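This report concerns only the one structure given below.
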Amino acid sequence: MSAGPISAPEAPGSGKAIRRPGDRVFSGLAIAAGLTILIVLAGVAIFLIGEAWPAITAPVSDLPDGKSLIHYIWPLVFGTLLSSTIAIIIAVPMAIAVALFTSHIAPKAISMSVSYLVDLLAAIPSIIYGIWGIAVLGPASVPVTQWLSDHFGFIPFFDGPASTTGRTMLVAGLVLALMILPIVCAVAREVFQQTPKGLQESALALGATRWEMIRMVVLPFGRSAVVAGSMLGLGRALGETMAVTIILSVTGTITFDLISSENPSTIAANIALQFPESSGLDVNVLIATGLVLFAITLAVNMFARTIISRREAAGGR
Amino acid sequence: MNETETMKEKEMVDAQAGPADPIMDPPASPSATATVDAKAKRIDAEDLNIYYGDFLAVKDCSVNIHPNKVTALIGSSGCGKSTFLRSLNRMHELIDGARVEGKVLLDGTDIYARNMDPVLVRQQIGMVFQQPNPFPTMSIYENTAAGLRLNRKKTKKTELDGIVERSLTGAHLWDEVKDRLDKPAGGLSGGQQQRLCIARATAIEPEVLLMDEPCSALDPIATLAIEDLINELKKRFTIVIVTHNMQQAARASDYTGFFNIEKSGDPGVLVEIDETEKIFSNPRLKETEDYVSGRFG
């Protein structure tokens, strides 16, 4: 066989396909990085389950306050879900509005600076949000919650008596909403901007106003992304610790009353408050609550992922 | 198609009727083959200068577009024919910094008048684009009815059904889709999608239909189907079509306008417009002849 410059070294079919060393190094690195993520995730899960196990199997009498584990965790789960729900209800419409404003309504210069400022919200540490919440937003909310309980007290959410310090579930939810706003907004904005020009133009060419065009083309196009972004935001709200720990005045009561000084705690805030003073089985109980939080956030994120992938399967258009 | 007559009652927005000055009378129509079902409106552009920011894209364009005729615009890429087309229904101004100087008269009313609402202009001057782009989240039925739903008037369901069927039939698509009106429009072939876009544009009964290279993304069979359709549509609408395909201009149009640029970076100029037969057999200018005979471009 004459060794021509481009003749194959072996007959086709025998031996392996040719791979460049660069490709091999890169794929090795990528696989290593991917595996590390999996290992860390598995490690966290194993740690949580292992440490929570003594609390799960312990007799009720040994647990704090002699309450069963379910009774201990349930108010915390309730508080976590309630504060996150408030945050989502407030943040998502606002995020959509801001995203539409920056992607389709504002002139370029304004839109760029607004986007930048919204992104900057994400860079503020949560402890700052917490301090701001308890020092500024809380006291400012007192007259409003007072008024709400006076006039809308028949609605369970505003049953009252209104807190005089403003350390309420409502304020905690508001601060959480501000914290997740940039995430939801960024995801929505990116997708709104990708709405195909051709679709926007055909809507306008049919005689749609700008708002009608947005409703007809942009919102349907971005809908699944908004859902996915909200889920990412929800994931953050569920796990947020510092701001809630600082703001919320906690009694462990299960109540839908958002403006009183009696509130359920959240899982993350409860761990932050209790962990330094705990020992023995109490630590295991706290870790068990952490396991529940881990399961909730994992479920939320996986739900978001399936929505995103369904959108991609649909062609992304 | 007498029902279209009644649909034509859409009032022209002549809050301020501009000076009705047909700058020149339409020449005797070349081929009075197609019978006119509904008198559509004429467009007269006067001294139109079209800009992207400071860049002058089309210079001093004056043209009379005759009602119920097909006017084709040909010319090499980048010579401003699409830009000119988009300035006829105020789509051009949607681009940042884009503006237009001069007048575009729709039956004598200046669509660039200060108090003219671009939304109303676009309701009367519809558009079909190069890429077939039905709304992906909507069904075939909803796509066809999309423009009607916008017109703020409540249309009864039965009436809407009638208009959808009529528009799809008019776009030669009804027989192919009547059993799957509620299916997503994305499942149609490219040619079907483009006919759906034509149905969508005609459902709101515009006066004028602008088509920006409507066949350049389609195969020859689908192209022929669209050309047949154009011949049919001119009974009801005034049609302006931009095309890269000279055979298409020769086959499908009554008038042909030729855009050219001196050199890259210069503004595009409408150098000659005349009856299609004349442009292709005996054009006035040498450059037109060179272009239509394929000697350049």
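Every value quoted in this text rests on a predicted model; they were computed, and no experiment measured them. The basis for the numbers below is simple: all heavy atoms, side chains too, and nothing from hydrogens, waters or symmetry mates.
- Both the backbone and the side chain of B:R200 have a heavy atom closer than 4.5 Å to some heavy atom of chain A.
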Derivation of the side-chain contact (heavy atoms from CB on, under 4.5 Å) call for B:L94 and A:Q200: CA-CA 10 Å; B:L94 295 172; A:Q200 299 182 38; over 6 Å; no

Test log, rule side-chain contact (heavy atoms from CB on, under 4.5 Å), inputs B:M127 and A:E201: CA-CA 9 Å; B:M127 194 159 194; A:E201 288 190 337; over 6 Å; no

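- In A:F26, the CZ atom is not crowded: 12 or fewer heavy atoms of neighbouring residues, nucleotides or ligands sit closer than 6.0 Å.
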Chi angles and distances behind the side-chain contact (heavy atoms from CB on, under 4.5 Å) call for B:F135, A:V217: CA-CA 7 Å; B:F135 300 126; A:V217 177; 3.6 Å; yes

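- The choice from A:P107, A:S202, A:P220 that makes the most heavy-atom pairs within less than 4.5 Å of chain B is A:S202.
- Contact detail for B:L150 and A:A203: the closest heavy-atom pair is CD1-O, 4.4 Å.
- Counting non-hydrogen atoms of neighbouring residues, nucleotides and ligands closer than 6.0 angstrom, the CZ atom of A:F157 reaches no more than 12 such neighbours.
- A:F256 CZ: 12 or fewer foreign heavy atoms inside a 6.0 Å radius.
- Of the atoms belonging to B:D117, not a single heavy atom falls under 4.5 Å from chain A.
- Contacts of A:K108 with chain B are made by side-chain atoms alone, with heavy-atom separations under 4.5 Å and no backbone atom involved.
- Surrounding OH of A:Y116 are at most 12 heavy atoms belonging to other residues, nucleotides or ligands under 6.0 Å away.
- For a residue to count as touching a neighbouring chain, one of its non-hydrogen atoms must lie under 4.5 Å from one of that chain's; by this rule B:F129 touches chain A with the side chain only.
- Residues B:P136 and A:L199 have side chains in contact (heavy-atom distance under 4.5 Å, counting atoms from C-beta outward).
- Nearest heavy-atom pair across A:M216 and B:A146 is CE-CB, 3.2 Å.
- Side chains of B:V119 and A:E212 form no contact here, defined as non-hydrogen atoms less than 4.5 Å apart.
- Counting heavy atoms of neighbouring residues, nucleotides and ligands inside a 6.0 Å radius, atom CZ of A:R305 does not exceed 12 of them.
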